[in-house]
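We use all heavy atoms of the structure for the numbers below, so side chains are in, but hydrogens, waters and symmetry mates are not.
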Amino acid sequence: MASEGILLGMGNPLLDISATVDPEFLKKYSLTLNNAILAHDKHKPIYEELVEKYDVEYISGGSTQNSIKVAQWMLQVPGATSFMGGIGKDKFGEEMKKSSKLAGVNVHYHEDESTPTGTCAVCIIGGERSLVANLAAANCYRSEHLKKPENWALVEKAKYIYIAGFFLTVSPDSILLVAEHAAANNKIFSMNLSAPFICELFRERLEKALPYTDFVFGNEIEAKIFSKIQGWETENVEEIALKISQWPKVSGKHRRITVITQGADPVCVAQDGQVKMFPVELLPKEKLVDTNGAGDAFVGGFLSQLVQEKPIEECVRAGSYAANVIIQRSGCTYPEKPDFH
């Protein structure tokens, strides 16, 4: 059984504004499918336009928060997971709090008085998604909140910590504080490459955090971009996964494991100088609703078994199961109970 507070996540909580759109809409905002970007000035009208033109759904999201909620759902142990991040003192923020409590996650949000809760435009075509994040209050998170005794207590309690790479854009010092604590106390610290722009534009911050990681997650697109930025001159996902697993490490207590998902293709796991491929259960095309949150759900499922010290094979199987459930529903949502054995 997973103990209370065993898994902690830190990241950018966002309210997803999700809708099926047409190709012209993507073109208008220079968006591509299966990508995630931060909103620039030209993207500012996208949120209102989505609401005006399409049938939207509001879903509590944000990459790390999604993963933590899925892990919580898989574990079915109230309060097994905790989460920190920044929201606004507004209607969307209240929705976020309500949704997280319903999910059984122990959330300690920093609530910003003057900035609205962050949103993410989820534009769906043929089940594939393009994400545009307006961080807003999520961008106001600072390590001062983390250092408060009641919040740092969550760090002390956790044995496993997970942070998506997106948080590197907001509070790299919070990440390093937690990473150093994990290394010093023999805890498991995991991160995600998250998006091509993180590998490209936040390379320095990512490279500072990587030596602390015991697990690195990502998908094949992010892995190839990471390889290109590093000048590795290979697009072979197995080679890249191996190289990431062999990146220098701060603490020698755990060997790093790299986990790269490839959509319907096998999951690539690199550890101890070896690569294993795990096939995923294929979903008939007509059952696919949308891929939003699939990668987050995979990580959540994986972590739910990792915190129970299950073998890697089981972690991957649980990750694939969770992703399979989520892509058959709108956004990162799930039925009341998992059916994972």
So, the side chain of [X] versus the backbone of [Y]: is there a donor-acceptor pair under 3.5 Å, distance only?
X      : Y      : answer
Thr119 : Leu15  : no
Glu222 : Asn219 : yes
Glu309 : Leu306 : no
Tyr29  : Val132 : no
Asn134 : Ala39  : no
Arg205 : Pro172 : no
Lys187 : Ala158 : yes
Thr258 : Ala241 : yes
Ser320 : Arg317 : no
Thr81  : Gln72  : no

Judged by modelled atom types alone, do [X] and [Y] share a side-chain donor-acceptor pair under 3.5 Å?
X      : Y      : answer
Thr234 : Lys243 : no
Ser114 : Asp112 : yes
Tyr109 : Ser100 : yes
Lys159 : Ser3   : no

Does [atom1] in [X] sit with more than 12 non-hydrogen atoms of other residues, nucleotides or ligands closer than 6.0 Å?
X      : atom1 : value
Lys310 : NZ    : yes
Asn186 : CG    : yes
Glu150 : CD    : yes

Please tell me if the side chains of [X] and [Y] come closer than 4.5 Å, counting only heavy atoms from C-beta onward.
X      : Y      : value
Pro116 : Phe92  : no
Phe340 : Val325 : no
Thr32  : Leu26  : no
Ile229 : Glu200 : yes
Val155 : Leu177 : no
Asn35  : Phe197 : no
Val259 : Phe302 : yes
Ile240 : Lys224 : yes

Checklist entry - Does the pair Arg142 and Asp173 meet the rule for a salt bridge (Lys or Arg N to Asp or Glu O under 4.0 Å), with working shown? => result CA-CA 8 Å; Arg142 297 294 174 265; Asp173 56 334; over 6 Å; no
* Asked: Knowing that exactly one of Ile87, Val170, Asn139 qualifies, which makes a side chain to side chain contact (heavy atoms under 4.5 Å, CB included) with Asn12?
  ->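 It is Val170, the one option of Ile87, Val170, Asn139 that forms the side chain to side chain contact (heavy atoms under 4.5 Å, CB included) with Asn12.
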Practice item. In sequence, state the C-alpha distance, the side-chain angles, and the governing distance for Glu239 and Leu242, and then conclude on side chain to side chain contact (heavy atoms under 4.5 Å, CB included). Key: CA-CA 5 Å; Glu239 274 181 53; Leu242 207 52; 5.7 Å; no
Any ion pair linking Lys27 and Glu24 (charged N to carboxylate O, less than 4.0 Å)?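 Between Lys27 and Glu24 there is no salt bridge, as every charged N stays at least 4.0 Å from the carboxylate O atoms.
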- request: Answer yes when Lys97 and Glu94 have at least one side-chain N-carboxylate O distance shorter than 4.0 Å, and no when they do not.
  value: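 Yes.
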Could you state the interatomic distance from [atom1] ([X]) to [atom2] ([Y]), rounded to the nearest 0.5 Å?
X      : Y      : atom1 : atom2 : result
Lys91  : Thr117 : NZ    : OG1   : 11.0 Å
His108 : His145 : NE2   : NE2   : 8.0 Å
Leu31  : Ile37  : CG    : CD1   : 5.0 Å
Leu8   : Phe83  : CG    : CZ    : 9.0 Å
Lys44  : Asp41  : NZ    : CG    : 4.5 Å
Thr213 : Ile257 : OG1   : CD1   : 11.0 Å

Minimum heavy-atom separation for [X] to [Y], with atom names?
X     : Y     : answer
Gly11 : Thr64 : CA-OG1, 3.9 Å
Ala80 : Ala2  : CB-CB, 4.4 Å
Gln65 : Pro13 : NE2-CB, 3.7 Å

| message | Strictly by side chain to side chain donor-acceptor pair (under 3.5 Å), give each pair with a member in residues 332-341 just once, sequence neighbours left out. | response |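 Sorted pair list: Arg329-Thr333, Asp339-His341.
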So, Tyr212 versus Phe189, ring centres under 6.0 angstrom or not?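 Ring-ring flag for Tyr212/Phe189: false, centres at least 6.0 Å apart.
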Checklist entry - Does the gap between the ring centers of Tyr162 and Phe215 come in under 6.0 Å? => result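 Centroid separation for Tyr162 and Phe215: 6.0 Å or greater.
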Step by step, work out the salt bridge (Lys or Arg N to Asp or Glu O under 4.0 Å) result for Glu95 and Lys98.
CA-CA 5 Å; Glu95 276 300 310; Lys98 203 164 74 182; 3.5 Å; yes
Option among Arg255, Lys249, Arg256 that satisfies the salt bridge (Lys or Arg N to Asp or Glu O under 4.0 Å) test with Asp214: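 It is Lys249; the other options fail the test.
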**Message:** Which residues pass the ring-ring contact (aromatic ring centres under 6.0 Å, His included) test with Tyr160, not counting sequence neighbours?
**Reply:**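 Counting only residues at least two positions away or on another chain, Tyr160 forms no ring-ring contact (aromatic ring centres under 6.0 Å, His included).
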*asked:* Grouping I, L, V, M, F, W and Y whenever their side-chain heavy atoms are under 4.5 Å apart, do Met191 and Met84 come out in a common cluster?
replied: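 Yes, one cluster joins them.
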